[in-house]
Student: 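Can you read through this structure? Questions will come right after.
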Amino acid sequence: MWGGRFAEGPSAIMREINASIPFDKALWRQDIAGSRAHVAMLAQQEIVSTEDAEAIDGGLQTIAAEYERDGVPEDWDLEDIHMTVEARLTELVGPVAGRLHTARSRNDQVATDFKLWTRDAMDRALDGIAALQRALVDRAGEHAASVMPGFTHLQTAQPVTLGHHLLAYYEMLRRDSARFSAAQERLNECPLGAAALAGTGFDLDRDMTATALGFDRPTANSLDTVSDRDFALDYLNAASQCALHLSRLAEELILWASQPFGFVRLPDSLSTGSSIMPQKKNPDAAELVRGHAGRIIGCTTALMVTMKGLPLAYSKDMQDDKPPVFEAAGLLDLCLAAMQGMIAGADFNTDRMRNAAGLGHATATDLADWLVRAADIPFREAHHITGAAVKLADSKGCTLEDLSLEDLQGIDSRLDDRVRAVLTLDASVAARRSYGGTAPDQVQARAREARQALGME
Ligand code: ARG
């Protein structure tokens, strides 16, 4: 391939450190699609004859069928997927194969292949996110009025509904989805024709190859084109943030599935047992979603650090771009699917949730709000009076609702029996009807909007 100027071949170490075929063989479909687009354009521009182009295209189709059937052979001497395909093409069609690489370098070739692969990975992420969102929205509609404790500092704060809690994750995923879509739009410029770094003296039709491969346009600067891995970083950044969201949901499921909480039973199909403790059912899938988020973030850091400080244009460091993206994409696809299964199959214990919401004086804010509304007391003062009621209830070991009229009036004469109506869990959530609040009718309205946005109705 490049032996002309060398007196001796590469050492065994050189062959091993240089070979990317063990991982970049994953790009074979993209590589062949890129080559077919390139040779068709060379023929149209009369840079290669129609007969030669047809021979090359036929050979490329044969190779695709072979790889589909038998997989891609791994020969370190051939370095990478680009040379592996070209070597096989030469075996199949003879020296005419050498015309394929006219006006092309592996630098614009690999950028094209990797962009095509990453574009598909973004499609998979978008599909996986939408499937999980559909599960969340289904379960949220089911549980729009199921009361559970809402926490801050993991201390009971105010009652919320389970539907509201689940839709919080719908929103995070909506932003993740927007990040992948924006990244996909930014990615969609075709590198082919940038050649090694400076462009080419051949009269190419870059719009033709861009269109053939589903890009919106060709890239505008050849140096940037072969040096750019922003699209891979965009994928990894979006994947990291999405994985971070999944890890928070995973953490909550793990907590909720624990015996002291008992809020949820996860599907058996996504849990495991213990080899020693017969009673155990462990939330391993959720724990691995939580763990994989760390690996995905690690992949992102790996590529960031690889690209940092690289001078223009291509350097071989950039060959290390693919493993982190492949790894992160495999993990993210799995995490999204596992989470979809857990949410769709979760058996929520709404009695346990309601009981837990009744602990910790979750409706204390409602008492303070009532004092503001019914007795026109400034909120800060109402907060203080309510604090005294909480203290008294705690000392009596009862709930706010259980305090007697004498108890209440002993704290403040403006408190009376009417306050009890706002202290129930259902009254508390029903009152929070501000846009985006936890009231069941609000949750139903947001769930309906989400269903429409997802094309579910
Ligand atoms: N295997 C290489 C990579 O993945 C292809 C580009 C090689 N280019 C070069 N100038 N050696 O980056």
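Counting starts at 1 for both ligands and their atoms, following the listed order. Every heavy atom of this structure was used, including side-chain atoms; hydrogens, water molecules and symmetry mates were not.
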Student: May I ask you to identify the nearest protein heavy atom to atom 8 (N) of ligand 1, giving residue, atom name and distance to one decimal place in Å?
Tutor: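 Looking only at protein heavy atoms, the one closest to atom 8 (N) of ligand 1 is N107 OD1, 2.8 Å.
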Student: Given salt bridge (Lys or Arg N to Asp or Glu O under 4.0 Å), test E79 with R106 step by step and report yes or no.
Tutor: CA-CA 11 Å; E79 290 190 22; R106 279 187 291 163; 2.9 Å; yes
Student: Check the pair H165, W256 against ring pair (Phe, Tyr, Trp, His ring centres under 6.0 Å), reporting the backbone distance first and the verdict last.
Tutor: CA-CA 13 Å; H165 197 113; W256 293 0; 4.9 Å; yes
Student: How does E79 reach ligand 1, by side chain, by backbone, by both or by neither, if only non-hydrogen atoms under 4.0 Å count?
Tutor: neither
Student: Is it the case that the side chains of S146 and T350 hold a donor-acceptor pair, with the cut-off being a distance below 3.5 Å and no angle test?
Tutor: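 No, because no side-chain N or O of T350 sits under 3.5 Å from a partner of the opposite role on S146.
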Student: Is there at least one pair of N or O atoms, one from Q319 and one from ligand 1, spaced under 3.5 Å apart?
Tutor: yes
Student: Which residue and non-hydrogen atom of the protein lie closest to atom 4 (O) of ligand 1, and at what distance in Å?
Tutor: K322 NZ, 2.8 Å
Student: Provide, to 0.1 Å, the distance between atom 11 (N) of ligand 1 and the closest protein heavy atom, together with that atom's residue and name.
Tutor: R106 NH2, 3.8 Å
Student: Taking only heavy atoms of S20, which atoms of ligand 1 are found under 4.0 Å from at least one of them?
Tutor: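 Counting atoms of ligand 1 from 1, those under 4.0 Å from S20 are 1 (N).
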Student: Both conditions, 6.0 Å and 45 degrees, for the charged tip of R88 above the ring of W28: are they met here?
Tutor: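 No; the conditions do not both hold, so R88 does not lie above the ring face of W28.
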Student: At their closest point, which heavy atom of E189 faces which heavy atom of P191, and how far apart are they?
Tutor: O-CD, 3.4 Å
Student: What's the verdict on salt bridge (Lys or Arg N to Asp or Glu O under 4.0 Å) for K281 and D268, showing C-alpha distance, side-chain angles and the deciding distance?
Tutor: CA-CA 8 Å; K281 175 171 153 185; D268 281 0; 2.9 Å; yes
Student: Look at atom CZ of R433 and say whether more than 12 heavy atoms of other residues, nucleotides or ligands are closer to it than 6.0 Å.
Tutor: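 Open.
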Student: Which residue and non-hydrogen atom of the protein lie closest to atom 12 (O) of ligand 1, and at what distance in Å?
Tutor: Y314 OH, 2.5 Å
Student: Going by the atom numbers of ligand 1, which of them fall below 4.0 Å from some non-hydrogen atom of D80?
Tutor: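 Matching atoms, with element in brackets: 1 (N), 2 (C), 5 (C).
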Student: Where on D321 is there a heavy atom closer than 4.0 Å to ligand 1, on the side chain, on the backbone, on both, or on neither?
Tutor: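 No part of D321 comes within reach of ligand 1.
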Student: Polar-atom distance check: R229 versus ligand 1, any N or O pair below 3.5 Å?
Tutor: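 No; every N/O pair is 3.5 Å or more apart.
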